[in-house]
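Accompanying notes for the structure given below.
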There are 2 protein chains.
Amino acid sequence: MQTKTRNTKQKKVILEVLKGTDSHPTADWIYEQARKVLPDISLGTVYRNLRILTESEVIRELNYGSTYSRYDGNPVEHYHFVCTKCQRVFDVPIEVLHDINTKVEEATGWRVEMHRMEFYGTCEDCNQSNCYQN
Amino acid sequence: MQTKTRNTKQKKVILEVLKGTDSHPTADWIYEQARKVLPDISLGTVYRNLRILTESEVIRELNYGSTYSRYDGNPVEHYHFVCTKCQRVFDVPIEVLHDINTKVEEATGWRVEMHRMEFYGTCEDCNQSNCYQN
DNA sequence: ATAGGTGCAAATGTTTTGCTGTCAA
DNA sequence: TTGACAGCAAAACATTTGCACCTAT
């Protein structure tokens, strides 16, 4: 929780990079892109800003299945699909199940605030081109 | 992919520890418990076996929201609830949505093999006792 | 002016790995 | 007997943090 937040050029660039892609990139990829604009930006700054942006819900952090996080410039609730061959992450074009949180609350004594859903499988490219690719 | 797998006492103890709890423990917690039975077991061995057991789908690895993984001794598909106050992970007592994978396949060109869903909120204990606890 | 942010490098914490010896099959 | 696995410690890896300087407000 911050009281004030400054709008630095580093933060602007990081957000632009993230908003300008739909590839759900890693912190390192964002760092490499940001360096093209600000060559002296540091990886620590990238992480610091990604954290601040996540906490203020301007972006979202995704951490499924791997040892590192990916980031999503779209803060609106939606589901993700992870291709287990090429490791890419896609948005899933189906409606978010708004009523399921209530269903869980009714079945338990919990207060349910949100849910996440991730699908796993193989994407169109990997299905079509080469099933035996890594 | 292993051709053969040996059934060592270390692997047995690790699996017993994991099957004997519903707390979705971390590798380190499993290590501490296993040491009570096998004082010389190493953390590396715990990780190695957890990986082997995950790959053979005897157990499941959970990695939501934190920097470390938790493990689930129940390989049957089910959903999880993460309490954002006490950080505990619970099983969710609702049916798994079997048909939603097909729905996603129909809306895309992907082959969908499985999905995961995690709910976030506050558990019964945290709701009742002390809302201001960490 | 000043509090929040930056770059840099070191530290952290989890997980993996290389090596040599051991043991289950 | 032998190859898969153990223990140990070092390495790897993503991420965080301390510090002195800088800059947006």
Side-chain angles (χ1 to χ4, degrees), chain A residues 1-18 23-56 58-72 82 87 89, chain B residues 1-18 23-56 58-72 82 87 89:
Chain A
M1 299 295 158
Q2 291 269 108
T3 42
K4 265 182 205 174
T5 321
R6 276 166 45 181
N7 199 15
T8 62
K9 56 187 175 188
Q10 288 86 347
K11 185 189 289 177
K12 273 184 212 155
V13 169
I14 289 165
L15 195 51
E16 273 164 25
V17 167
L18 197 46
S23 71
H24 308 85
T26 61
D28 204 66
W29 187 91
I30 296 166
Y31 170 58
E32 290 305 332
Q33 301 306 308
R35 280 177 70 178
K36 294 178 183 170
V37 186
L38 301 173
D40 288 336
I41 196 172
S42 73
L43 188 53
T45 295
V46 172
Y47 274 107
R48 245 183 313 241
N49 278 297
L50 288 172
R51 170 183 274 259
I52 290 169
L53 290 166
T54 301
E55 281 169 358
S56 53
V58 176
I59 67 173
R60 281 180 193 267
E61 184 179 359
L62 316 177
N63 42 5
Y64 321 133
S66 26
T67 51
Y68 48 86
S69 287
R70 290 175 169 274
Y71 295 86
D72 189 337
V82 182
Q87 313 301 325
V89 177
Chain B
M1 299 295 159
Q2 291 269 109
T3 42
K4 269 181 202 172
T5 321
R6 274 166 45 184
N7 198 14
T8 61
K9 57 187 176 187
Q10 288 84 352
K11 188 189 287 176
K12 274 183 210 154
V13 168
I14 289 165
L15 195 52
E16 272 166 24
V17 166
L18 197 45
S23 71
H24 308 84
T26 61
D28 204 67
W29 188 90
I30 295 166
Y31 170 58
E32 290 304 333
Q33 302 305 308
R35 281 177 70 177
K36 293 178 183 170
V37 185
L38 301 172
D40 288 337
I41 196 172
S42 74
L43 187 54
T45 294
V46 171
Y47 274 107
R48 238 181 321 238
N49 279 297
L50 287 173
R51 169 184 274 259
I52 290 170
L53 290 166
T54 301
E55 281 171 357
S56 53
V58 175
I59 66 172
R60 281 179 192 270
E61 184 180 358
L62 315 177
N63 42 4
Y64 323 133
S66 24
T67 52
Y68 48 86
S69 287
R70 290 175 170 274
Y71 295 86
D72 189 337
V82 182
Q87 313 302 324
V89 177

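Values reported hereafter were calculated over all heavy atoms of this structure, with side chains retained and with hydrogens, waters and symmetry mates removed.
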Whole-Å gap separating C1' (D:dC5) and CG (B:N49): 8 Å
Closest contact, heavy atoms only, B:A27 versus B:V46: O-CG1, 3.8 Å
Gap between atoms CG and C1', on B:D40 and D:dC5 respectively (whole Å): 15 Å
Whole angstrom value for the distance that separates P of C:dT17 from CD1 of B:I52: 12 Å
Separation of atom CD in A:E55 from atom P in C:dG4, rounded to whole Å: 14 Å
Angle of first-five versus last-five pair axes in the helix from C:dA1-D:dT25 to C:dA25-D:dT1, to 10 degrees: 40°
Per-nucleotide protein contact string for nucleotides 12-25 of chain D, where B marks a base within reach and S marks sugar-phosphate only (heavy atoms under 4.0 Å, - for neither): --SBBBB----BSS
Atom pair OH/CG of B:Y64 and A:L62 - distance to nearest 0.5 Å: 14.5 Å
Atom-pair distance (CD1 on B:I30; P on C:dT15), nearest Å: 10 Å
Atom pair CD/CG of A:Q10 and A:D40 - distance to nearest 0.5 Å: 9.5 Å
Close side-chain approach of B:V17 to B:W29, heavy-atom, < 4.5 Å: yes
OP1 or OP2 of C:dC23 under 4.0 Å from side-chain N/O of B:Q10: no
Side-chain touch B:L15/B:N49, heavy atoms, less than 4.5 angstrom: no
Minimum side-chain heavy-atom gap B:N63-A:N63 below 4.5 Å: no
Heavy-atom side-chain contact between B:R35 and B:E32 under 4.5 Å: yes
Note, B:V89 side chain near B:D72 side chain (heavy atom, < 4.5 Å): no
Gap between atoms NZ and C1', on A:K11 and C:dG7 respectively (whole Å): 17 Å
Phosphate OP1/OP2 of C:dT14: any B:N63 side-chain N/O under 4.0 Å: no
Distance in angstrom units between B:K12 NZ and C:dC23 P, rounded: 14 Å
Heavy-atom side-chain proximity of A:V37 to A:E16 below 4.5 angstrom: no
Atom-pair distance (CG on B:L38; P on D:dA6), nearest Å: 10 Å
